[in-house]
Amino acid sequence: DAKTTQPPSMDCAEGRAANLPCNHSTISGNEYVYWYRQIHSQGPQYIIHGLKNNETNEMASLIITEDRKSSTLILPHATLRDTAVYYCIVRRNNNAGNMLTFGGGTRLMVKP
Amino acid sequence: EPEVTQTPSHQVTQMGQEVILRCVPISNHLYFYWYRQILGQKVEFLVSFYNNEISEKSEIFDDQFSVERPDGSNFTLKIRSTKLEDSAMYFCASRKQGASYNEQFFGPGTRLTVL
């Protein structure tokens with residue numbers, strides 16, 4: 001699986017958009033970009049994933065650059081409960097185990 | 001909304017003892033996973049399980065570890081002879097079948113403390 005690079009930490013004001021970047025310059029054509037988050041001591045939580053098109057769901061939007069070498073997770077109106085570590089994971093989909101490899105992630109602190 | 005459950009939430013054991021961590025995955029899911037997270041460190045993959053056999057495992061998952069799906073609902077992780085360095089949060093996860101469904105649902109974790 002391709003390696004990802006994320007800033008170790010970011011701050012965001014409550015109510016503002018949080019834009020979390022991820023670089024994955026070695027991504028291959030059949031690899032998806034996944035975002036998970038981990039709120040303190042809880043199990044990781046799936047947020048969103050995409051291949052090449054931008055994606056949106058009730059939690060967030062995912063913007064993938066045209067060359068697919070980077071992406072941005074957008075939380076449109078961050079709340080204090082969005083304070084968490086956010087993980088960008090690149091992974092191909094198949095019917096095998098599909099283990100997730102977690103890096104260090106970005107620790108997002110949403111401040112009042 | 002269905003969720004993955006894990007028991008116990010906290011397990012304290014003596015070094016050398018066997019422990020069994022239990023998980024109930026979401027009912028229509030067919031892939032099951034164990035991950036662990038040592039305090040302050042990354043979440044690490046241990047093992048994945050499908051169709052009653054291990055499909056992938058990491059270097060951490062040595063002969064001291066085993067997994068089982070003893071009935072239609074439970075998925076267990078056994079550590080035969082615990083070591084101090086096995087102290088960690090252990091997370092179970094599950095997902096649906098199908099290449100497009102790689103959303104893994106994680107349980108709340110079991111905190112294992114080895115004394």
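These numbers come from the heavy atoms of this one structure, side chains and all, not from hydrogens, waters or symmetry mates. Just so you know, these numbers come straight off a predicted model, no measurement behind them. A note on names: the letters A, B, ... follow the listed sequences, proteins ahead of strands, and every chain is numbered from 1.
Applying the 4.5 Å side-chain rule to ILVMFWY residues, one finds V4(B), F105(B) in the same cluster as I26(B).
Taking 4.5 Å as the limit, some side-chain heavy atom of F91(B) sits within range of a side-chain heavy atom of Q38(A). Contact check for Y36(A) versus Q104(B): side-chain heavy atoms found under the 4.5 Å cut-off.
A 6.0 Å sphere centred on NE2 of H10(B) holds more than 12 heavy atoms belonging to other residues, nucleotides or ligands. In this structure, E85(B) places its CD atom where more than 12 heavy-atom neighbours from other residues, nucleotides or ligands lie under 6.0 Å away. The environment of D63(B) atom CG is sparse: at most 12 non-hydrogen atoms of other residues, nucleotides or ligands sit within 6.0 angstrom. Summarising the local packing, CZ of R69(B) is surrounded by more than 12 heavy atoms from other residues, nucleotides or ligands at distances under 6.0 Å. In R80(B), the CZ atom is crowded: over 12 heavy atoms of neighbouring residues, nucleotides or ligands sit closer than 6.0 Å. More than 12 non-hydrogen atoms from other residues, nucleotides or ligands lie less than 6.0 angstrom from NZ of K83(B).
When the heavy atoms of residues 107-115 of chain B are compared with those of chain A, the residues falling under 4.5 Å are G107(B), P108(B), R111(B), listed by number. Interface with chain A: from residues 35-46 of chain B, residues Y35(B), Q37(B), K42(B), V43(B), F45(B) qualify, criterion being any non-hydrogen pair under 4.5 Å.
Follow the hydrophobic side-chain contacts under 4.5 Å out from V67(B) and you reach I60(B) in the same cluster. F75(B) and F65(B) fall within a single hydrophobic cluster, where Ile, Leu, Val, Met, Phe, Trp and Tyr are joined by side-chain heavy atoms under 4.5 Å apart, directly or via other members. Hydrophobic clustering (ILVMFWY, side-chain heavy atoms < 4.5 Å, transitive): V33(A) and L20(A) are in one cluster.
The stretch residues 26-78 of chain A participates, sequence neighbours left out, in no disulfide (SG to SG under 2.5 Å) pair at all.
Judged by distance alone, with hydrogens and angles left aside, the side-chain atoms of E56(B) form a donor-acceptor pair with the main-chain N or O of M99(A) at under 3.5 Å.
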